[in-house]
Every structure is written in C-alpha cells, then in structure tokens.
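So the structure is just underneath, and the comments pick up after that.
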Amino acid sequence: MSEQIATKPRSVKPRPVARVVCDAHRRRTVRNIERRFPGEFVAGEPIRAAALIRNDGMYPHKDIGEPLVHPGDTGVVRESWRFLGEVYYTVEFVARSVFVIMQGSEMRRMGTTFDVA
C-alpha cells in the first residue's frame, strides 16, 4: 500500500517567480508612502528660509555669489524629490521672484519659534 502512494505522481503547480500588478491607483499610493517620512515638507506648504541661499551659477541673469534668498524670507514648497538618497525641495519665493532648490535643513515651517524672532 505504501508503495502505491510513493509511486503515484503528484500534480504540482509551478510557482510564479514574480507577479506584475497593473493598478495605477495602488502604484501611486505606494509611491506616496515611500516618499513621505516624518519631517518632510509637502507641496503647497508655506515655509521660511533659515539660511542664506546664493547663486552657484545655475540661476540665470544673476551674478555668481549674489544672494537669492535671505534668512526669514517666506516661500511655498512646490515640489519634493530625491537625488542620490537626499531629499530636495523646489521652493518659490514670490516676493523675490525666484525658484530655488533647498534641503530640509535650510528651511523651517511657518508658525515655529523662528517665526517669533
């Protein structure tokens, strides 16, 4: 009896190596979750500059070394993105008519103690 069970071939389904899911909404949700972490600024959030930002040669019609944004200037985050593991933000300063790329350490949220000074 045990010989019959041992010689009986089993029907084994091949396991899939990978599964491709084509769901745009789910993919977009997963991307947003991966991009967000505590302390990250979101698009549309008002901020204050905490550092002097100078032209490094990338901003047109301004001299190299000329200040673009002064500490305390208010702006709005337009976009966040990653490059080489670092998070960068595109920030619009309407009063100075400039768009600059900043790191999170160079700006503060509105309504913090930095606002009082």
Side-chain angles (χ1 to χ4, degrees):
M1 183 90 170
S2 62
E3 292 174 359
Q4 290 176 353
I5 294 174
T7 58
K8 186 177 178 182
R10 291 185 189 178
S11 61
V12 177
K13 281 184 156 180
R15 290 183 164 189
V17 176
R19 181 179 299 161
V20 178
V21 177
C22 216
D23 184 4
H25 177 70
R26 180 177 175 180
R27 217 175 356 189
R28 184 172 46 248
T29 304
V30 169
R31 276 193 206 134
N32 290 339
I33 290 171
E34 289 172 356
R35 291 180 67 189
R36 292 284 296 149
F37 60 90
E40 185 176 346
F41 297 90
V42 295
E45 184 175 354
I47 58 102
R48 281 199 185 270
L52 179 67
I53 306 297
R54 295 182 180 273
N55 185 13
D56 61 353
M58 297 297 292
Y59 202 86
H61 311 297
K62 301 270 185 174
D63 293 331
I64 294 176
E66 185 177 346
L68 297 174
V69 177
H70 294 278
D73 287 349
T74 60
V76 178
V77 176
R78 292 295 175 209
E79 181 183 31
S80 67
W81 42 277
R82 291 181 185 265
F83 180 70
L84 296 176
E86 297 290 327
V87 179
Y88 294 94
Y89 304 94
T90 304
V91 183
E92 178 184 10
F93 291 91
V94 178
R96 296 211 177 256
S97 300
V98 295
F99 279 88
V100 294
I101 296 170
M102 302 175 75
Q103 291 183 329
S105 60
E106 299 172 332
M107 51 190 180
R108 302 283 181 257
R109 284 189 166 80
M110 297 287 278
T112 61
T113 56
F114 188 82
D115 246 357
V116 177

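Note that the structure is predicted; figures quoted are calculated from it, not measured.
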Side chains of [X] and [Y]: closer than 4.5 Å at any heavy-atom pair?
| X | Y | result |
| --- | --- | --- |
| F99 | T90 | yes |
| N55 | D63 | no |
| L68 | F93 | no |
| V87 | Q103 | no |
| E106 | I53 | yes |

Give the minimum heavy-atom separation between [X] and [Y], together with the two atoms involved.
| X | Y | value |
| --- | --- | --- |
| V77 | F41 | CG2-CB, 4.1 Å |
| V69 | A49 | CG1-CB, 3.6 Å |
| P67 | L52 | CB-CD1, 3.9 Å |

Between OG1 on residue T74 and CZ on residue R96, distance to nearest 0.5 Å:
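Output value for this atom pair is 10.0 Å.
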With a 4.0 Å cut-off, would you call E66 and R54 a salt bridge?
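No, this pair does not count.
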Could D73 and R48 be called an ion pair, given the rule that one side-chain N must be under 4.0 Å from one carboxylate O?
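Here D73 does not pair with R48 in a salt bridge, since their nearest N and O are not under 4.0 Å apart.
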Answer yes if I101 and V76 sit in the same cluster of Ile, Leu, Val, Met, Phe, Trp and Tyr residues linked by side chain heavy atoms under 4.5 Å apart, and no otherwise.
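In one cluster: no.
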Taking the six-membered ring of Y89 as reference, does the cationic atom of R78 (NZ for Lys, CZ for Arg) lie under 6.0 Å from its centre and within 45° of its axis?
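No, R78 and Y89 do not form such a contact.
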Describe, in one word, how the ring planes of Y88 and F83 are oriented to each other, choosing from parallel (under 30°), tilted (30 to 60°) and perpendicular (over 60°).
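Tilted.
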